[in-house]
Amino acid sequence: IGLFAVADSSITAPKSNGTKTLLGGFRKIYPIEIKVWKPHFTGVYFHSYQQVYYEAECFIAIAGSTLTAQHVLNIISEHLRKIRISYKRSKELMTPGKYILIRHCQQNELEIKQGIDQWDENMFTPNDYINLVNASDIAEIVEYSINEALSSARKYKIDGESLNAMYSEFAVGMYCPRERNHQLFVFRMGSRLNADGIIEVFATNERIEEGRVAVLGMKNEFEAMAQDAMKSAIDEDILPSQKFFDFLNQAIDKVRNNGSFAIDRPSVCKVFQEGQLKTVCHQN
């Protein structure tokens, strides 16, 4: 049991009456490294992060603006390689704090009074980290990364045309060591007017329920059919990855027959199991 992703390789750009195809052969599914670092102490004093506690891969599938997507992928990769284990003190007396995962750029209680605060030698042991790494926290870091990438657009006055040009969607699949299952999240861009009347762009995440799929790009055209195909694969007890690879290629043929190359081959199918992403089908 795991996850799968299928993708075409066409690069398109919006135009007044739809989209135009620019290039082909573009990769849309990427493995991304996850590293969670544990704190190192010199006696009772926090020193640094020197050793990786947990290491795995997730995958990210993209649709939309390739420029936006590449910028977002770079920032996601930066954050996921530098996740840290820290500690959050309780605000109530006699109530214990808790061990947490944080971003490398996030305020860290271990670093606030580094060299002054003393930490009990019985803290930060391997037993304290059991079930600490989980998919939900990693998805929150991905969401933060996407929004950090999009925040640069706030410096400029974004109009509707510019918003369409930068629009991107992302699906992230990962294995959750806490729940011992595979989880899939989709991140879609939205926009709103701020107090100054400037359009701000942002992303929110949604966890996809087991037995359903995340459709990126041409969602209006293929969402219902994709969900039906997933249900059919489950009912027929066949591999969803193969059924969806066939579904994708049929969709490409349908779009081609309508005189469009909004999606096009080469097409690819990848499967993801416990941190490993492998290509299982490819069609030129």
Side-chain angles (χ1 to χ4, degrees), residues 5-30 32 58-80 139-173 184-194 196-208 212-227 248 251-252 254-255 258-265 267-268:
V6 298
D8 78 310
S9 57
S10 180
I11 299 176
T12 61
K15 62 180 182 179
S16 58
N17 60 344
T19 61
K20 59 181 178 180
T21 304
L22 303 178
L23 294 169
F26 184 79
R27 186 158 59 110
K28 297 184 179 181
I29 306 169
Y30 297 84
I32 301 291
C58 64
F59 74 85
I60 298 183
I62 64 173
S65 166
T66 55
L67 290 176
T68 301
Q70 289 298 322
H71 182 42
V72 168
L73 284 172
N74 288 337
I75 294 181
I76 291 174
S77 182
E78 173 80 4
H79 281 102
L80 292 190
E140 287 185 7
I141 293 173
V142 171
E143 181 178 345
Y144 175 89
S145 302
I146 297 173
N147 281 316
E148 181 181 356
L150 297 178
S151 67
S152 60
R154 295 171 189 164
K155 299 177 184 178
Y156 312 101
K157 291 185 177 180
I158 302 296
D159 56 21
E161 183 178 349
S162 300
L163 183 62
N164 288 336
M166 68 180 292
Y167 185 84
S168 300
E169 299 175 332
F170 307 86
V172 179
L184 180 65
F185 298 83
V186 64
F187 300 80
R188 302 191 195 274
M189 284 174 51
S191 62
R192 61 190 168 219
L193 285 177
N194 65 16
D196 298 320
I198 297 174
I199 296 176
E200 292 182 345
V201 289
F202 62 94
T204 57
N205 86 70
E206 173 193 359
R207 180 176 170 180
I208 304 302
R212 294 185 65 80
V213 294
V215 179
L216 306 184
M218 303 191 76
K219 188 171 183 285
N220 292 337
E221 292 87 346
F222 295 111
E223 169 80 16
M225 287 185 285
Q227 301 301 346
L248 171 64
I252 290 172
K254 180 178 179 179
V255 171
N258 290 332
S260 171
F261 293 94
I263 54 175
D264 200 7
R265 296 183 185 89
S267 55
V268 67

Asks: Taking all non-hydrogen atoms of both residues into account, name the closest pair between Asn147 and Ala203 and its distance.
Replies: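 Result for this residue pair: OD1-N, 2.7 Å.
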Asks: Would Thr68 and Leu150 satisfy side chain to side chain contact (heavy atoms under 4.5 Å, CB included), going step by step from the backbone distance to the final call?
Replies: CA-CA 8 Å; Thr68 301; Leu150 297 178; 4.1 Å; yes
Asks: Atom CE in Met189, atom CD1 in Ile146: separation rounded to 0.5 Å?
Replies: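 Separation between the atoms: 10.0 Å.
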Asks: Please tell me if the side chains of Glu148 and His79 come closer than 4.5 Å, counting only heavy atoms from C-beta onward.
Replies: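 Heavy-atom side-chain distance check passes, below 4.5 Å.
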Asks: Rounded to the nearest 0.5 Å, what separates atom OH in Tyr30 from atom CD1 in Ile76?
Replies: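 It is 12.0 Å, given to the nearest 0.5 Å.
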Asks: Under a 4.5 Å cut-off applied to non-hydrogen side-chain atoms, are Lys28 and Asp8 in contact?
Replies: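 Contact flag for Lys28/Asp8 side chains = yes.
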Asks: Could you walk me through whether Val142 and Phe185 pass side chain to side chain contact (heavy atoms under 4.5 Å, CB included), step by step?
Replies: CA-CA 10 Å; Val142 171; Phe185 298 83; over 6 Å; no
Asks: Rounded to the nearest 0.5 Å, what separates atom CD in Glu143 from atom OG1 in Thr204?
Replies: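 Answer rounded to 0.5 Å: 6.5 Å.
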Asks: Would you check if the side chain of Ser65 reaches a backbone N or O of Ser168 as a donor-acceptor pair within less than 3.5 Å?
Replies: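 Judged by distance alone, no pair lies under 3.5 Å.
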Asks: Output, in order, the C-alpha distance, side-chain angles, deciding distance and verdict of side chain to side chain contact (heavy atoms under 4.5 Å, CB included) for Leu80 and Ile141.
Replies: CA-CA 7 Å; Leu80 292 190; Ile141 293 173; 3.8 Å; yes
Asks: Considering non-hydrogen atoms only, spot the tightest contact between Ser10 and Phe261 and give its length.
Replies: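 The pair with the smallest heavy-atom distance is OG-O, 3.0 Å.
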Asks: Is a donor on one side and an acceptor on the other found under 3.5 Å between the side chain of Ser191 and the backbone of Ile199?
Replies: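 No, because the side chain of Ser191 does not come within donor-acceptor range (under 3.5 Å) of the backbone of Ile199.
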Asks: Can any side-chain N or O of Gln227 pair as donor or acceptor with the backbone N or O of Val213 at less than 3.5 Å?
Replies: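 Yes, the answer is positive, given that a donor and an acceptor are paired below the 3.5 Å cut-off.
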Asks: Can you see which heavy atom on Ser145 is nearest to which on Ile75, and at what distance?
Replies: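 Smallest heavy-atom distance, with atoms named: O-CG2, 3.6 Å.
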Asks: Any chance you could measure Glu206, atom CD, to Phe187, atom CZ, to the nearest 0.5 Å?
Replies: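 Reported value, rounded in 0.5 Å steps: 10.5 Å.
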Asks: Can you give me the closest heavy-atom contact between Arg27 and Ile62, atom names plus distance?
Replies: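 It is O-CD1, 4.4 Å.
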Asks: What are the two closest heavy atoms between Met218 and Ile263, and how far apart are they?
Replies: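 So the two residues come closest at SD-CG2, 3.8 Å.
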Asks: Can you tell me how far the CZ atom of Arg212 sits from the CD atom of Glu223, to the nearest 0.5 Å?
Replies: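 With rounding to 0.5 Å, CZ (Arg212) is 6.5 Å from CD (Glu223).
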Asks: Ignoring hydrogens and geometry, is there a side-chain-to-backbone donor-acceptor pair from Glu169 to Val186 under 3.5 Å?
Replies: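 Answer holds: no.
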Asks: Any sub-3.5 Å donor-acceptor pair from His71's side-chain atoms to Leu67's backbone N or O?
Replies: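 No, His71 side chain to Leu67 backbone: no donor-acceptor pair under 3.5 Å.
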Asks: Heavy-atom distance under 4.5 Å between the side chains of Ile60 and Leu73, does that happen here?
Replies: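 In contact.
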Asks: Of all the heavy-atom pairs spanning Ala63 and Gly217, show the shortest one and how long it is.
Replies: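 Between these two residues, the closest heavy atoms are CB-N, 4.0 Å.
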Asks: Distance check, rounded to the nearest 0.5 Å: Asn205 atom CG versus Tyr144 atom OH?
Replies: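 One finds 15.5 Å between CG of Asn205 and OH of Tyr144.
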